[in-house]
Novice: 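Structure provided below as C-alpha cells; questions to follow.
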There are 2 protein chains.
Amino acid sequence: MASSKKRSECPISTSLEIWGDKWSLLIIRDLMFKKQCTYGDFLKSEEKIATNILASRLLVLEENNIIVKLEHPESKAKVLYRLTEKGIELFPVLVEISLWAEKYYDIPKERESIIAKAKNNKTEFIAKGIQKMKEGLN
Amino acid sequence: MASSKKRSECPISTSLEIWGDKWSLLIIRDLMFKKQCTYGDFLKSEEKIATNILASRLLVLEENNIIVKLEHPESKAKVLYRLTEKGIELFPVLVEISLWAEKYYDIPKERESIIAKAKNNKTEFIAKGIQKMKEGLN
DNA sequence: ATTTATTACTTGTATATTGCAAGTGATTTT
DNA sequence: AAAATCACTTGCAATATACAAGTAATAAAT
C-alpha cells in the first residue's frame, strides 16, 4: 500500500514520493511546533485533515522513519507521535517554505515575529531549532 | 478548477495548496536546471509525468505566477516555459530538500558534486544560484 | 460495578485527482 | 501535399481524498 518502485534517483523526486502531498508536511509542522502530538491533536489543527488520511499519512511517515509512536505517560489509551532525527532534519525545508510564503502572501500576526527571526539570521535560527528539537529526543 | 478557499492562514499550508503534490516541484526543478523548457521537455524527464497532469500543473503554476509562457524564438508551434522571480525564489526550498535527501538516501553520482557544493557553503550557493537565474530574466 | 466519554483508529461511500492511451488541430519539415 | 512534430485535450480506469459514521480499548463519572 505504501511504496512501489521509485520514479527516479533524483533526491527531490525521492523526497516527494514520501511526503510530497498536501498533508504530510502539516503533520510534521505540528510536531515541530508542539514537539509531541496525539492523534486527536492532529485532528484539531486548523486545516481539518480527515481521519482516514491522517491515519494513512502517519503510517507512511512512520514506515519511512520520520516519526515514531511512543506510549503516553499518563494514559494507555493515548499514543504520542514524535519526530525522529530524520524528521527533525526537515526543519530547514519548512523554514524555507515559510520564508518563501512570507515574501508573496500575508502571514498571520502571531507568526510574524518568528519568521522575522528566521529571516534575520537563517543559519543560526535553523541550527538552534534543530539543536533544541534533538535535545528532546532523550 | 484551480482554487477554492484556503484551509488556513499558515504559510506552509498556503504553499502546499499551490505546489504541494508529487509533480509541481519536479517541473520547477527542471526549469531551474534547464532554465527554459518546452512542454515536450517536461515529458522527457525521467519521472514520466502524464501529459494531462503536466498540463494541469503548468496551468496552476502559471495562475500563481510561478512560471510564465513565452513564445519560442524559432518556432510558433513551440511554447517556452520559464520561472518568474517568484518561482526562482523557490530555489532554497529545493536545495534544502536535496540536502535532506542526501543525508538519508543514495544520490546519483552526477549530482554529488553539486550537492557537496551546496552543503559546503549553503548561504552562498543559494545566493549565487538565485542571482544567476534572475539574470536570465532580462 | 456500570454507564458514559475519550481515545485511536477503521469502514463505507461520494467525489476528486492521477495514470494511461489515444486523439486533435496547428505548425513544420520533407 | 504528406508526414512528422508540437502543445495540448479527451475518455476512462485506478487511486486518493473528503466526509460521516462506526468500533474496540481504555478512562472517567455515577
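The basis for the numbers below is simple: all heavy atoms, side chains too, and nothing from hydrogens, waters or symmetry mates. So that the names make sense, note that chain A is the first sequence line, chain B the second, and so on, each numbered from 1.
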Novice: Report yes if at least one side-chain N or O of A:Ser75 is closer than 4.0 Å to OP1 or OP2 of D:dA27; otherwise report no.
Specialist: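 It does, given that an N or O in the side chain of A:Ser75 lies less than 4.0 Å from OP1 or OP2 of D:dA27.
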Novice: Which pairs, protein N/O on one side and nucleotides 1-4 of chain D N/O on the other, fall under 3.5 Å?
Specialist:
none

Novice: Under a 4.5 Å side-chain heavy-atom rule over Ile, Leu, Val, Met, Phe, Trp and Tyr, are B:Leu59 and B:Ile18 clustered together?
Specialist: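 No; B:Ile18 is not reachable from B:Leu59 via cluster members.
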Novice: Closer than 4.0 angstrom, basic N to acidic O: yes or no for A:Arg57 and A:Asp21?
Specialist: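 A:Asp21 and A:Arg57: salt-bridged.
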Novice: Rounded to the Å, how far apart are B:Ile49 CD1 and C:dA21 C1'?
Specialist: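 To the nearest whole Å, that distance equals 16 Å.
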Novice: Write down the distance between CZ (B:Arg7) and P (D:dT17), rounded to a whole number of angstrom.
Specialist: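 After rounding, the reported distance stands at 11 Å.
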Novice: Quick check on side-chain contact (heavy atoms from CB on, under 4.5 Å): which of B:Glu85, B:Arg82, B:Met32 does B:Met133 satisfy it with?
Specialist: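 Checked B:Glu85, B:Arg82, B:Met32 against B:Met133; only one passes side-chain contact (heavy atoms from CB on, under 4.5 Å): B:Met32.
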Novice: May I ask you to decide whether B:Glu46 forms a salt bridge with A:Arg7, counting only side-chain N to carboxylate O separations under 4.0 Å?
Specialist: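 Salt bridge absent between B:Glu46 and A:Arg7.
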Novice: For the side chain of A:Ile53, counting heavy atoms from C-beta on, which of D:dA18, C:dT27, C:dT18 is nearest?
Specialist: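 Of the options given, the side chain of A:Ile53 lies nearest D:dA18.
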Novice: Check the distance between C:dC9's P and A:Lys44's NZ and give it to me in whole angstrom.
Specialist: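 The answer, rounded to whole Å, is 14 Å.
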Novice: Where the side chain of B:Ala50 is defined as all heavy atoms beyond and including C-beta, which of C:dC20, C:dT10, D:dT26 is the nearest nucleotide?
Specialist: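 Of all the options, the side chain of B:Ala50 is nearest to C:dC20.
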Novice: Any luck finding a side-chain donor-acceptor pair between B:Asp30 and B:Ser45 under 3.5 Å?
Specialist: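 Yes - a donor-acceptor pair under 3.5 Å links their side chains.
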Novice: How many Å lie between CG on B:Leu54 and P on D:dT9, as a whole number?
Specialist: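 One finds 10 Å between P of D:dT9 and CG of B:Leu54, rounded.
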Novice: Hey, is the side chain of B:Thr51 pairing donor to acceptor with the base of D:dT9 inside 3.5 Å?
Specialist: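 A donor-acceptor contact between them is present.
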Novice: Does the side chain of A:Tyr81 get closer than 4.0 angstrom to OP1 or OP2 of C:dC9 through an N or O atom?
Specialist: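 Result: yes.
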Novice: Are any of the side-chain nitrogens in A:Lys78 or A:Glu71 under 4.0 Å away from the carboxylate oxygens of its partner?
Specialist: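 No, A:Lys78 and A:Glu71 are not salt-bridged.
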Novice: Atom NE2 of A:His72 to atom C1' of D:dT26: distance rounded to whole Å?
Specialist: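 Distance check: A:His72 NE2 to D:dT26 C1' gives 13 Å.
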Novice: Are side-chain heavy atoms of A:Thr14 and A:Ser8 found at a separation under 4.5 Å?
Specialist: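 Not touching, per the 4.5 Å side-chain cut-off.
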Novice: What is the minimum heavy-atom distance between A:Glu9 and B:Pro108, and which atoms define it?
Specialist: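 It is O-CD, 3.2 Å.
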Novice: Tell me which residues in residues 21-43 of chain A lie within less than 4.0 Å of DNA chain D, going by non-hydrogen atoms.
Specialist: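 Nucleic-acid contacts, sorted: A:Trp23.
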Novice: What's the closest nucleotide to the side chain of B:Asn52 if the choices are C:dG19, D:dA7, D:dC8?
Specialist: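 Ranking C:dG19, D:dA7, D:dC8 by closest atom to the B:Asn52 side chain puts C:dG19 first.
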Novice: Tell me whether the side-chain N/O atoms of A:Arg57 come closer than 4.0 Å to OP1 or OP2 in D:dT17.
Specialist: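 Indeed, a polar side-chain atom of A:Arg57 lies that close.
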Novice: Determine the minimum heavy-atom distance between B:Lys134 and B:Glu89, stating which atoms define it.
Specialist: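 Scanning both residues, the minimum pair turns out to be NZ-OE2, 2.6 Å.
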Novice: Can you work out whether A:Lys48 or B:Val79 has the more 5'-proximal nearest nucleotide on DNA chain D?
Specialist: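 Taking each residue's closest nucleotide, the earlier one in sequence belongs to B:Val79.
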Novice: Tell me: NZ of B:Lys76 to P of D:dC8, nearest whole Å?
Specialist: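 Interatomic distance, NZ of B:Lys76 to P of D:dC8: 15 Å.
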Novice: Once you round it to whole Å, what is the distance between C1' of C:dC9 and CG of A:Leu59?
Specialist: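 Rounded to the whole Å, the gap is 12 Å.
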Novice: Round to the nearest Å and state the distance from B:Lys78 atom NZ to C:dT29 atom C1'.
Specialist: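 That distance rounds to 12 Å.
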Novice: Going through the distances and angles, do B:Leu80 and B:Lys69 end up as a side chain to side chain contact (heavy atoms under 4.5 Å, CB included)?
Specialist: CA-CA 6 Å; B:Leu80 275 181; B:Lys69 280 163 109 167; over 6 Å; no
